[in-house]
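Reviewing the structure listed below.
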Amino acid sequence: MNSEKWERNVVEPQYVQLDGLKHPVALENADEIGAMLPAILSAWPHRILTTPPSEPPFITVSPAGPDRWNVLHADQPDAPRIWDGVNTVCDIVAEMAWERLRSDPDLLCLHAAAIDFNGRLVVMPNARRAGKSTLAIALARLGRPLYSDDFLPVRVDAEARTCAGIANGIQPRLRLPLPEGFSDAFHAEVAQDPGPSNRQYKYLSNAPVAPWGETLPLGAMVMLERSDDPQPPHLSVMAREDALASLITQNFARTRHAGAILRSIDLLSRNLPIYRLTYHSAEEAAEYLSAHPDMTALPAAQLTEFTQDDRQAPLDQLGRPAPKFAKDLCYTQAQGVTESVVGDEAFLADGSGIGIFRLNPVSAAIWNLLEEPTDLGEVVEILSEAFPDVPVDQISTDSENLMRSLTRARLITPASQNMAAQ
C-alpha cells in the first residue's frame with residue numbers, strides 16, 4: 001500500500017447467505033467483492049441481506065487499502081489475512097467448504113474434482129501438480145456437467161447403501177499461466193471468459209456447472225498423475241492401498257470422528273472402481289477419458305457390509321498434550337481403535353477420533369504383536385529373529401520410533417491403563 005492517505009466512504013455491511021450454510025459471509029464496505037461473488041456462485045442459491053442475520057458470519061471482509069482486503073475467519077479472530085480481490089474470493093470459497101461441513105457434519109468432503117459421466121460421478125482427488133482443475137475444465141468443455149473442481153461433499157446413505165456426490169454450484173478456477181500444450185481454442189476461450197482474474201488465478205463464469213445441491217451416485221475414482229514429458233494418456237487399475245491412502249489424505253471432514261471417516265473411506269475404496277490416469281495434455285486426457293469404455297457405463301456404487309457411524313470428532317481435545325512413551329513399560333493396542341487392513345498395510349484411527357495413521361508391512365507386524373502386552377525389548381527380540389540380516393541396532397531404533405509414534409497417536413497405551421479401563 002502506498003503512503004498516500006487512503007479513504008473510503010463507509011456504507012452499511014452486507015451479508016451473503018448461501019443455501020445450506022448456517023452462517024453468512026459479511027462484506028463490510030466491500031462492494032467490489034460483492035460484485036465478484038454472483039458470477040462465481042452463479043449455481044449456488046444465495047441472498048444478499050442488509051440487516052444482520054441471526055447467526056454471526058463465518059468470514060468477514062473489510063477494506064485494507066486500494067485493491068486490498070482484510071479477510072477475518074471467525075475461528076481465527078486474531079489472524080486477519082490481506083489479499084487482493086481475486087485471492088479474497090479464493091479464501092471465501094475455501095472457507096465455504098469448511099462451513100458446509102460445519103453446517104452438515106454428517107457429510108464427507110473430498111478435496112477433489114467431480115464430473116458427470118452419463119449420470120455417474122467420476123471423482124478425481126487432488127494431488128500436488130496433478131492438474132485436476134484443468135482436466136475437469138477440459139472435460140466440461142466437452143459438455144460434461146461439472147460438479148466440483150475443488151471440493152466435493154459426499155453423502156453416504158446406510159439404509160439405501162448408496163453414496164452420492166453433491167454439486168457445490170461454484171464456477172471453476174484455473175491456475176495461471178496455463179500449462180504448456182493447451183490448444184489455441186482453449187486459450188481463446190479462457191481469455192474471452194469474463195470471470196475475474198489476477199496473475200495467479202482466473203475464475204471461469206461460462207462453464208457448465210451443475211446446480212448446487214444436485215446429487216449423482218459415485219461411479220469411479222480416478223487418481224491423476226501428470227507427466228512433464230509428452231506421452232499419450234493411459235488409464236490403469238490402481239492398487240487399493242494406494243487409493244485408500246490418497247482418499248484419506250484428501251478428506252477434510254474434520255468434524256467427524258476419525259474412525260467414522262476411515263470406515264466411510266474404506267467402504268468407498270472397496271465398492272468403487274479406482275483407476276490411475278497418467279497423462280501429459282489435459283485436452284488429450286479429456287478426450288481419452290470421455291471415450292474410454294470403462295467410463296461409458298459405470299454402475300452406481302452399492303455399498304456392502306456398512307453400518308452407519310455418526311460419531312463426531314472431539315474437537316475440544318485437539319490441543320491436549322500427546323502421551324509420552326516409556327521404554328520400560330509393556331504396551332498394548334488401545335481400546336476403540338478402528339482398523340482397515342489392505343494387503344500387508346494397515347490404516348488405524350485412534351479411539352478418541354482425532355487422527356488416522358498408516359502402517360507399512362513392518363509397522364503392521366509390530367502393531368499385531370501389540371495385541372498382547374509387549375515391551376520394546378520383546379518387540380526387538382522377535383523382529384531380530386524374523387530379520388536376521390538387519391542390524392539389531394537398526395531394528396531397535398526403528399521399533400522405538402514406531403512405538404513412540406503409536407503412543408503419541410493414542411493407538412497404544414501402557415497395558416496397566418488398558419486393564420484399569422476394562
Does the side-chain contact (heavy atoms from CB on, under 4.5 Å) test come out yes or no for Asp75 and Trp98, once each step is laid out? CA-CA 11 Å; Asp75 60 352; Trp98 292 113; over 6 Å; no
Verdict with reasoning, Val209 to Trp44, per side-chain contact (heavy atoms from CB on, under 4.5 Å): CA-CA 10 Å; Val209 173; Trp44 189 329; over 6 Å; no
Before you tell me yes or no, could you show the steps for Val222 and Phe117 under side-chain contact (heavy atoms from CB on, under 4.5 Å), namely the whole-Å CA-CA distance, both residues' side-chain angles and the distance that decides it to 0.1 Å? CA-CA 12 Å; Val222 176; Phe117 271 68; over 6 Å; no
Walk me through whether Ile166 and Leu107 qualify under side-chain contact (heavy atoms from CB on, under 4.5 Å). CA-CA 10 Å; Ile166 306 171; Leu107 293 174; 3.8 Å; yes
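Taking the side chain as every heavy atom from C-beta outward, Leu218 and Asn271 never approach each other to under 4.5 Å. Put simply, the side chain of Tyr275 does not reach to within 4.5 Å of the side chain of Met238, judged on heavy atoms. For the pair Pro273 and Asp294, the minimum side-chain heavy-atom distance is 4.5 Å or more. Looking at heavy atoms from C-beta onward, Asp116 lies out of side-chain contact with Glu214 at the 4.5 angstrom threshold. Using a 4.5 Å cut-off on side-chain heavy atoms (C-beta onward), Leu41 and Ile170 make contact. The shortest distance between side-chain heavy atoms of Thr397 and Asn401 falls below 4.5 Å. At least one side-chain heavy atom of Met124 sits under 4.5 Å from a side-chain heavy atom of Ile115. Put simply, the side chain of Leu135 does not reach to within 4.5 Å of the side chain of Arg226, judged on heavy atoms.
Figure legend: cation-pi geometry between Arg173 and Tyr201, with NZ or CZ positioned under 6.0 Å from the six-membered ring centre and within 45° of its axis. By the 6.0 Å and 45° rule, Arg408 does not stack over the aromatic ring of Phe325.
We find that Arg141 and Glu287 are not joined by a salt bridge, their nearest charged nitrogen and carboxylate oxygen being 4.0 Å or further apart.
Under the salt bridge (Lys or Arg N to Asp or Glu O under 4.0 Å) test applied with Glu95, the options Arg102, Arg81, Arg100 reduce to a single match, Arg102. Checking each of Val25, Leu21, Asp19, Val16 against His46 for a side chain to side chain contact (heavy atoms under 4.5 Å, CB included) leaves exactly one that passes, namely Val16. A side-chain hydrogen bond (donor to acceptor under 3.5 Å, both in side chains) with Arg155 is found for exactly one of Thr215, Asp106, Asp104, namely Asp104.
Proximity of a side-chain donor or acceptor of Tyr331 to a complementary backbone N or O of Ala326 within less than 3.5 Å is detected. Under a 3.5 Å cut-off, the side chain of Glu99 and the backbone N or O of His23 do form a donor-acceptor pair. With hydrogens and angles disregarded, no donor-acceptor distance shorter than 3.5 Å links the side chain of Gln231 to the backbone of His280. In this structure a side-chain-to-backbone donor-acceptor pair under 3.5 Å is present from Ser103 to Lys22. Checking side-chain atoms of Asn87 against main-chain N and O of Cys90 turns up no donor-acceptor pair under 3.5 Å. Listed for the Asn70 side chain is no donor-acceptor partner under 3.5 Å among the backbone atoms of Ala64. The backbone N or O of Leu235 lies less than 3.5 Å from a partner atom in the side chain of Tyr288, making a donor-acceptor pair. Without hydrogens or angle criteria, Ser148 side chain to Ala112 main chain gives a donor-acceptor distance under 3.5 Å.
The two residues Phe151 and Asn168 come nearest to each other via the heavy atoms O-ND2, 2.9 Å. For Ser290 against Arg144, the heavy-atom pair with the smallest separation is OG-NE, 3.1 Å. The two atoms that bring Leu298 and Val122 nearest to each other are CD1-CG2, 3.7 Å, heavy atoms only. Across all non-hydrogen atoms, the minimal contact from Cys163 to Val154 is CB-CG1, 4.4 Å. Across Asp193 and Ser205, no two heavy atoms sit closer than the pair OD1-N, 2.8 Å. Across all non-hydrogen atoms, the minimal contact from Gly34 to Leu27 is CA-CD1, 3.6 Å.
In this structure, the separation between CD1 on Ile366 and CG on Leu383 is 5.0 Å, given to the nearest 0.5 Å. In this structure, CD on Glu284 lies 13.0 Å from CG on Leu289, to the nearest 0.5 angstrom. Here the straight-line distance linking atom CD of Gln333 with atom CD of Glu371 works out to 5.0 Å at 0.5 Å rounding. Here the OG1-CG distance, from Thr134 to Leu174, works out to 7.0 Å after rounding to the nearest 0.5 Å. Within the model, atoms CG of Asp84 and CH2 of Trp69 stand 11.0 Å from one another, a figure rounded to the nearest 0.5 Å. With values rounded to the nearest 0.5 angstrom, Arg68 atom CZ is found 9.0 Å from Ile82 atom CD1.
Counting only N and O atoms by type, the side chains of Ser396 and Asp393 include no donor and acceptor under 3.5 Å apart.
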